[in-house]
Number of protein chains: 2
Amino acid sequence: MRKQQLVRDTIWDAAIQLFAEKGFDETTVDDIAVAAGTSRRSFFRYFQSKSDLMAQDIVSYGASLADAIRRCPPGCSLPEVLRRTMLQAAQHSAAQPRTRQIMEIAAQYPAAREAQIARVAEVQEHLAAAYAERCRVNGGNDLTAHVLAGLTLSLLSVTFRTWFTNGQNDIASTVDQVFATVQQLMGGRVGAGRRSVPRGGG
Amino acid sequence: MRKQQLVRDTIWDAAIQLFAEKGFDETTVDDIAVAAGTSRRSFFRYFQSKSDLMAQDIVSYGASLADAIRRCPPGCSLPEVLRRTMLQAAQHSAAQPRTRQIMEIAAQYPAAREAQIARVAEVQEHLAAAYAERCRVNGGNDLTAHVLAGLTLSLLSVTFRTWFTNGQNDIASTVDQVFATVQQLMGGRVGAGRRSVPRGGG
DNA sequence: GTATAAAGTGGCACTGAGTGCCATGTCAAC
DNA sequence: GTTGACATGGCACTCAGTGCCACTTTATAC
């Protein structure tokens with residue numbers, strides 16, 4: 001039924017609203033249920049936990065990421081796949097109406113943040129699988145896929161952080177900036193360019 | 001007092017033992033308190049939460065990381081700092097007696113895993129600060145520092161994952177392998193993506 | 001329209017996490 | 001032995017999350 005989704009959305013909207021108004025910790029599940037015109041018991045039929053509410057957008061974020069990887073033209077090199085994936089996911093998230101509000105809640109409440117971070121870690125597994133398919137075409141082993149998945153999420157995390165704290169509008173340029181930074185860092189030479197130094201750094 | 005640390009260690013040991021035996025979710029704080037010969041109320045004076053127990057080793061992990069960054073010889077390039085940092089942190093963690101046991105618990109119980117992941121995210125902030133100091137010397141801006149911090153943790157995560165699932169003993173070679181993968185991946189031009197040969201070692 | 005199965009809802013009671021409060025115990029100083 | 005600082009543990013409370021069950025709604029069959 002479509003009514004299911006409606007109830008779900010109603011609860012979610014009410015919750016985010018309350019989190020923004022009262023704070024995450026200060027809002028009880030009862031508060032949310034009442035605000036959404038339902039019961040505490042029903043709340044837990046739609047969401048696994050209070051924290052789960054904060055992780056909802058990560059699901060679509062993850063789907064958007066895996067989708068971007070798979071939709072990349074076959075001719076793309078792996079770094080190009082990474083760049084395009086970052087770009088699409090960043091724009092997808094930036095376009096969600098509640099994104100900034102949710103980021104603000106996450107920034108303010110550790111418990112809310114934890115829920116998001118944990119879900120992102122789950123997404124990483126799916127990304128690695130999507131990249132693994134790519135690697136079969138472009139060359140690269142399972143390790144490459146996992147590195148790419150980790151890279152995607154950590155670079156996007158930096159991207160969002162920069163975008164959010166700078167209050168910028170254009171997230172695409174932030175993506176470019178971050179991507180260029182990694183390339184410069186791991187590819188070119190930055191600063192003192194001595195490559196190998198005797199071991200034992202202590 | 002040193003006795004404080006003793007009680008703390010006793011509780012922690014008892015907890016990890018119980019998690020390994022009964023499972024994380026199945027172990028209550030009461031169980032832990034009794035096993036450690038103390039009370040539930042005292043438990044919460046030593047640890048913020050049950051999950052906090054799983055995050056204890058992340059604290060020393062984070063300290064080890066920041067330490068490695070700062071101890072790196074001044075002549076090192078940023079990628080070299082990254083490589084050495086990864087290596088030291090990996091070896092530090094691999095040397096902890098309980099590391100594999102804790103990884104097993106984390107692998108099995110989402111709630112336990114979440115606690116660790118959340119703490120790692122906190123560590124990232126400290127790493128970025130340590131890298132920022134480096135960047136003042138080696139060149140590179142604040143963004144570079146944050147990218148490096150994210151890179152460090154995500155690459156180490158892949159490293160531990162590989163090391164853990166493969167049941168390898170030598171984590172240093174795993175670090176080299178992961179590091180080489182990123183260099184190969186991001187080092188070349190966007191079009192081709194093939195570059196230097198992975199350098200074995202350790 | 002009525003009967004009925006299936007699914008959704010909400011109340012109730014329970015366990016467990018985490019916290020505030022306070023009485024008690026311990027240990028050192030005087 | 002008294003005093004003060006501090007650690008401890010018990011008690012009671014709130015809130016998250018779950019199992020159970022009665023009730024209501026909806027869909028389907030006759």
Side-chain angles (χ1 to χ4, degrees), chain A residues 1-19 21-56 105-106 108-119 122, chain B residues 1-19 21-56 105-106 108-119 122:
Chain A
M1 266 213 190
R2 194 127 312 121
K3 196 191 166 193
Q4 301 271 17
Q5 191 57 44
L6 185 72
V7 175
R8 202 183 155 81
D9 290 347
T10 307
I11 293 173
W12 190 77
D13 277 329
I16 300 299
Q17 193 65 30
L18 282 171
F19 292 164
E21 284 169 15
K22 299 175 52 177
F24 182 82
D25 294 340
E26 290 76 15
T27 303
T28 68
V29 173
D30 266 313
D31 294 336
I32 299 166
V34 169
T38 183
S39 72
R40 168 188 166 68
R41 195 64 194 81
S42 279
F43 170 91
F44 284 108
R45 289 203 179 90
Y46 286 95
F47 296 93
Q48 288 189 348
S49 67
K50 188 173 128 179
S51 309
D52 195 29
L53 291 159
M54 288 298 293
Q56 278 313 107
I105 298 164
Q108 213 171 341
Y109 293 89
R113 195 161 51 242
E114 282 185 27
Q116 287 195 310
I117 294 168
R119 193 59 69 91
E122 285 176 35
Chain B
M1 267 211 187
R2 193 126 313 122
K3 196 191 165 193
Q4 303 270 17
Q5 191 57 43
L6 187 71
V7 175
R8 202 183 154 81
D9 291 347
T10 306
I11 294 173
W12 190 77
D13 277 328
I16 300 298
Q17 193 65 30
L18 282 170
F19 291 164
E21 284 170 15
K22 300 175 50 177
F24 183 82
D25 294 340
E26 290 76 14
T27 304
T28 68
V29 173
D30 267 312
D31 294 337
I32 299 166
V34 169
T38 183
S39 72
R40 170 188 164 69
R41 194 64 192 82
S42 279
F43 171 91
F44 284 109
R45 289 205 178 87
Y46 286 95
F47 296 93
Q48 288 189 347
S49 66
K50 186 173 130 181
S51 308
D52 195 29
L53 291 158
M54 288 297 295
Q56 278 314 107
I105 298 164
Q108 213 171 340
Y109 294 90
R113 196 161 52 241
E114 281 184 27
Q116 288 195 308
I117 293 168
R119 193 59 70 90
E122 285 175 35

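These values consider heavy atoms only, across backbone and side chains, with no hydrogens, waters or symmetry-generated copies. Just so it is clear: chains get the letters A, B, ... in the order the sequence lines come, proteins before strands, and each one is counted from 1.
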Chemist: Can you check whether Q48(B) has a side-chain N or O nearer than 4.0 Å to OP1 or OP2 of dG18(C)?
Modeler: no

Chemist: dA17(C) C1' sits how many Å from D52(B) CG, rounded?
Modeler: 13 Å

Chemist: Can you see if the side chain of S42(B) gets near the phosphate of dG9(D) - specifically, an N or O under 4.0 Å from OP1 or OP2?
Modeler: yes

Chemist: Does OP1 or OP2 of dT8(D) have a side-chain N or O of T38(B) closer than 4.0 Å?
Modeler: no

Chemist: What about R41(B): does its side chain form a donor-acceptor pair under 3.5 Å with the base of dG18(C)?
Modeler: no

Chemist: Counting side-chain heavy atoms from CB outward, which of dT8(D), dG18(C), dT9(C) is closest to V7(A)?
Modeler: dT9(C)

Chemist: Measure across I32(A) and T27(A) and return the closest heavy-atom pair with its distance rounded to 0.1 Å.
Modeler: CG1-CG2, 3.7 Å

Chemist: What's the separation between atom CD in Q4(B) and atom CZ in R45(B), rounded to the nearest 0.5 Å?
Modeler: 11.0 Å

Chemist: Atom OH of Y109(B) and atom P of dG16(C): how far apart are they, to the nearest Å?
Modeler: 15 Å

Chemist: Please report the closest heavy-atom contact between S51(B) and F24(B), naming both atoms and the distance.
Modeler: CA-CZ, 4.1 Å

Chemist: How many Å lie between CG on L6(B) and C1' on dA7(D), as a whole number?
Modeler: 14 Å

Chemist: Of the nucleotides dA17(C), dG17(D), dG11(C), which has the atom closest to the F44(B) side chain?
Modeler: dA17(C)

Chemist: Base, sugar-phosphate alone, or nothing: which one does Y46(B) contact when heavy atoms must sit under 4.0 Å apart?
Modeler: sugar-phosphate

Chemist: Side chain of D52(A), backbone of Q48(A): donor and acceptor closer than 3.5 Å?
Modeler: yes

Chemist: Taking the side chain of T28(A) as heavy atoms from C-beta outward, which of dA16(D), dG18(C), dA7(D) is closest to it?
Modeler: dA16(D)

Chemist: Scan T27(A) against the nucleic acid and name what it touches under 4.0 Å (heavy atoms): base, sugar-phosphate only, or nothing.
Modeler: sugar-phosphate

Chemist: Provide, to the nearest angstrom, the distance between the CZ atom belonging to F43(B) and the C1' atom belonging to dA7(D).
Modeler: 17 Å

Chemist: Rounded off to whole Å, could you give me the NZ-to-C1' distance for the K3(A) and dA7(C) pair?
Modeler: 11 Å

Chemist: Can you confirm if the NZ or CZ of K50(A) lies within 45° of the ring axis of F43(A) and under 6.0 Å from the centre of its six-membered ring?
Modeler: no

Chemist: Between R45(A) and R40(A), which residue's closest nucleotide on DNA chain C lies nearer the 5′ terminus?
Modeler: R45(A)

Chemist: Measure CD1/I32(A) against C1'/dC15(D) and give the value in whole Å, please.
Modeler: 12 Å

Chemist: Tell me the interatomic distance from D25(B), atom CG, to dA16(D), atom C1', rounded to whole angstroms.
Modeler: 14 Å

Chemist: In whole angstroms, how far is the P atom of dA17(C) from the CZ atom of F47(B)?
Modeler: 15 Å

